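Given the structure is predicted, the values throughout are model-derived calculations rather than measurements. These values consider heavy atoms only, across backbone and side chains, with no hydrogens, waters or symmetry-generated copies.
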Amino acid sequence: VANSGDETTYVDAYVGASLVSITPQTTWDVFGRVGGHYYFDAPKATGDDLTGNGRLGISWAHRVSERLRFTSSNYVAYELEPNYNEGFASDRQLEEYLNYQSDNAVGYRWSERFATYTGIKYRGIDYGSSASNNDRTTLTLYNQFRYSASAQTVWTFDYRYSETDSSGAAGDSTNNYLLLGVEHRFSPNSVLALKAG
């Protein structure tokens with residue numbers, strides 16, 4: 001990690017648990033984890049060698065019929081950057097922050113080959129006192145069109161509309177996305193998914 005000439009090395013470790021329930025119609029996944037970042041040489045900006053993080057989440061999928069299904073994926077996390085896996089970071093933060101997301105969709109198969117997923121996602125981030133002018137929430141509406149070219153390959157076309165409301169420095173924005181993709185299943189446990197747009 002480097003920031004204005006300040007370099008350090010860190011390790012990130014956590015323990016977690018997950019409870020999964022799978023039936024022919026409904027799947028639940030409830031999970032939690034706690035852990036921390038340990039800096040071998042703490043950055044001057046933070047001064048702390050050890051910081052904590054935690055995450056709770058629940059995912060749910062319910063098949064009403066062969067054609068209709070509902071999905072919901074939700075989490076809340078309290079953690080410190082650098083956790084760049086989430087894609088929030090635009091700068092280095094000095095303390096833990098809160099981020100959360102709820103993604104809910106309905107899927108419908110119109111024919112043997114054609115299906116859609118329509119959903120709404122709400123995502124927020126609260127940096128607390130260290131950078132409250134970067135706090136923001138994003139509301140996204142989306143629709144995905146899916147065409148099964150074969151038993152292993154599905155072509156996808158996504159349209160997403162999102163609005164971001166920010167406290168200041170992050171900036172408000174309205175965005176439109178068009179994405180073309182392909183999903184190819186090599187085996188029951190291996191899928192390749194590519195998107196561009």
Side-chain angles (χ1 to χ4, degrees), residues 12-22 26-37 51-63 69-108 115-146 156-179 181 183 191 193-197:
D12 184 21
Y14 65 88
V15 294
S18 179
L19 174 64
V20 179
S21 171
I22 300 173
T26 306
T27 301
W28 287 92
D29 181 8
V30 181
F31 65 89
R33 75 179 193 199
V34 294
H37 300 285
T51 61
N53 65 61
R55 180 175 288 252
L56 293 172
I58 184 169
S59 295
W60 170 76
H62 180 68
R63 184 181 304 275
R69 77 180 287 176
F70 295 95
T71 62
S72 181
S73 178
N74 309 275
Y75 75 83
V76 60
Y78 185 71
E79 54 203 0
L80 176 72
E81 293 168 1
N83 179 11
Y84 299 117
N85 297 328
E86 300 303 325
F88 290 118
S90 58
D91 57 1
R92 178 85 172 99
Q93 300 305 320
L94 305 181
E95 63 185 25
E96 291 89 342
Y97 62 90
L98 180 73
N99 75 76
Y100 49 91
Q101 177 177 290
S102 181
D103 186 352
N104 303 278
V106 58
Y108 192 77
T116 57
Y117 266 95
T118 304
I120 183 169
K121 181 190 296 186
Y122 186 76
R123 187 179 204 184
I125 188 163
D126 183 341
Y127 283 108
S129 60
S130 69
S132 61
N133 64 339
N134 279 333
D135 294 353
R136 57 194 177 273
T137 59
T138 301
L139 178 67
T140 303
L141 304 173
Y142 61 88
N143 197 54
Q144 181 183 75
F145 301 92
R146 301 174 60 82
T156 61
F157 176 73
D158 293 61
Y159 172 70
R160 300 177 193 166
Y161 172 83
S162 72
E163 288 190 357
T164 298
D165 183 27
S166 142
S167 297
D172 294 345
S173 67
T174 299
N175 299 285
N176 291 277
Y177 302 88
L178 296 174
L179 301 165
E183 298 172 6
V191 177
L194 296 174
K195 288 189 180 183

Could you state the interatomic distance from [atom1] ([X]) to [atom2] ([Y]), rounded to the nearest 0.5 Å?
{"X": "Q144", "Y": "T118", "atom1": "CD", "atom2": "OG1", "result": "9.5 Å"}
{"X": "D165", "Y": "S173", "atom1": "CG", "atom2": "OG", "result": "9.5 Å"}
{"X": "D158", "Y": "F145", "atom1": "CG", "atom2": "CZ", "result": "9.5 Å"}
{"X": "T26", "Y": "H62", "atom1": "OG1", "atom2": "NE2", "result": "4.5 Å"}
{"X": "Y117", "Y": "F70", "atom1": "OH", "atom2": "CZ", "result": "11.0 Å"}
{"X": "Y97", "Y": "D135", "atom1": "OH", "atom2": "CG", "result": "12.0 Å"}

* Y75 versus N99, side-chain donor and acceptor atoms under 3.5 Å -> yes

Exercise. Regarding T27 and D29, is there a side-chain donor-to-acceptor distance under 3.5 Å anywhere?
Worked result: no

Considering all heavy atoms of both residues, which atom of [X] and which atom of [Y] are nearest to each other, and what is their separation?
{"X": "L56", "Y": "G32", "result": "CD2-CA, 3.9 Å"}
{"X": "E183", "Y": "A193", "result": "CG-CB, 4.1 Å"}
{"X": "S162", "Y": "T138", "result": "CB-CG2, 4.0 Å"}
{"X": "Y142", "Y": "I120", "result": "CE2-N, 3.7 Å"}
{"X": "I58", "Y": "F31", "result": "N-CE2, 4.1 Å"}

Under 4.5 Å between any side-chain heavy atoms of [X] and [Y], yes or no?
{"X": "R123", "Y": "T140", "value": "no"}
{"X": "T174", "Y": "Y161", "value": "yes"}
{"X": "Y177", "Y": "N175", "value": "yes"}

Discussion item. Tell me if a side-chain donor or acceptor on D172 pairs with a main-chain N or O of S166 at a distance below 3.5 Å.
Written reply: yes

- Task: Please lay out, stage by stage, how W28 and V20 fare under the test side chain to side chain contact (heavy atoms under 4.5 Å, CB included).
- Result: CA-CA 6 Å; W28 287 92; V20 179; over 6 Å; no

Practice item. Inspect the surroundings of OH in Y14 and state if more than 12 heavy atoms from other residues, nucleotides or ligands are less than 6.0 Å away. Key: no

Begin with the C-alpha distance, continue with both residues' side-chain angles, and end with the deciding distance and a verdict on side-chain hydrogen bond (donor to acceptor under 3.5 Å, both in side chains) for N74 and Y100.
-> CA-CA 8 Å; N74 309 275; Y100 49 91; over 6 Å; no

